[in-house]
Amino acid sequence: MWLFDWVWNVLANLGLYHKSAKILFLGLDNAGKTTLLHMLKENRVQIHQPTFHPNQDELLIGNIRFKTFDLGGHETARRLWKDYFTTVDGVVYMVDAVDRERFPEAKKELDYLLTCDELASVPFLVLGNKIDSRTPPAASEDDLRYSLGLFETYGKDDSRYRANDADNKIRPIELFMCSVIKKVGYADGFRWLAQFF
Ligand SMILES: Nc1nc2c(ncn2[C@@H]2O[C@H](COP(=O)(O)OP(=O)(O)OP(=O)(O)O)[C@@H](O)[C@H]2O)c(=O)[nH]1
């Protein structure tokens, strides 16, 4: 019963209850993917070592499978997540919103993913993480949107949700700012993503 309540609570909060999906967490190292995975698993922040090899982690809650991969210079990981593309239902692309120096690298990887044929119809949730940081401060949503070149996105507003609209030509991609550590922002992002499953 307790386990059922826990699974229900986590998935209901993310809009994923009664859904079945394979969700890929991608992004540069240090973006916060593993921290988010642990937060979903245990609802608390865990101090952990950076995932060096093979740059991946996995979590199954109910019928939702979450899998993380680091991007950027890890050829082994790149091969592994490419293998995963064939069946993936959604991508959560995490960016460290504090690390401005790496925005061009994060953009380059994101641009690459957006041109992959295997991901052409896959919805992308882009999470700008670490908005809790004050020194140095995290980039604003507008700054990050500009840095990543996310000018034409799907829209967050309910009235613009067009998942079933066959005429909708805008790719399902949207940016949400979040702090995994403070538990803010990412659940809204997951609820947005869940409309496509
Ligand atoms: N300030 C702040 N730091 C965070 C947040 N989320 C994660 N971090 C920190 O960012 C660092 C990297 O987090 P990870 O979860 O290891 O990042 P990753 O993307 O999995 O990268 P690797 O572990 O290198 O594979 C850790 O020191 C986390 O504690 C957040 O919301 N706010």
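Order of listing sets the numbers, starting from 1, for every ligand and every atom in it.
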Using a 4.0 Å cutoff against the non-hydrogen atoms of [X], which atoms of ligand 1 qualify?
X    : result
D29  : 21 (O), 24 (O)
D132 : 1 (N), 2 (C), 30 (C), 31 (O), 32 (N)
A31  : 17 (O), 18 (P), 19 (O)
L28  : 19 (O)

Legend entry - Distance-only N or O hit between ligand 1 and S133, under 3.5 Å: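 In this structure, S133 places no N or O atom under 3.5 Å from an N or O of ligand 1.
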Legend entry - Any N/O pair K33/ligand 1 closer than 3.5 Å: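 Right, the criterion is met.
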Legend entry - Aromatic ring pairing Y146/F151, orientation class (parallel under 30°, perpendicular over 60°, tilted between): perpendicular
Inset, instruction - Could you pull out, from L36, T35, N30, the option with a heavy atom nearest to atom 15 (O) of ligand 1? - result: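 Considering heavy atoms of L36, T35, N30, the nearest to atom 15 (O) of ligand 1 sits in T35.
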Inset, instruction - May I ask you to identify, for I131, whether its side chain, its backbone, both or neither come under 4.0 Å of ligand 1 on a heavy-atom basis? - result: neither
Inset, instruction - Evaluate the side-chain proximity of F190 to L36: yes if any heavy-atom separation is below 4.5 Å, no if none is. - result: yes
Legend entry - Beyond-backbone contact of K130 with N30, side-chain heavy atoms, under 4.5 angstrom: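 Contact flag for K130/N30 side chains = yes.
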Inset, instruction - Please name the residue in the list V184, I131, N129 that meets the side-chain contact (heavy atoms from CB on, under 4.5 Å) test with C178. - result: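 Of all the options given, the one that passes is N129.
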Legend entry - Check: G155 main-chain N/O paired with W192 side-chain donor or acceptor under 3.5 Å: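 Here the side-chain-to-backbone pair exists.
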Inset, instruction - Before accepting this row, confirm whether a basic side-chain N of the pair D111/K108 lies closer than 4.0 Å to the acidic partner's carboxylate O. - result: no
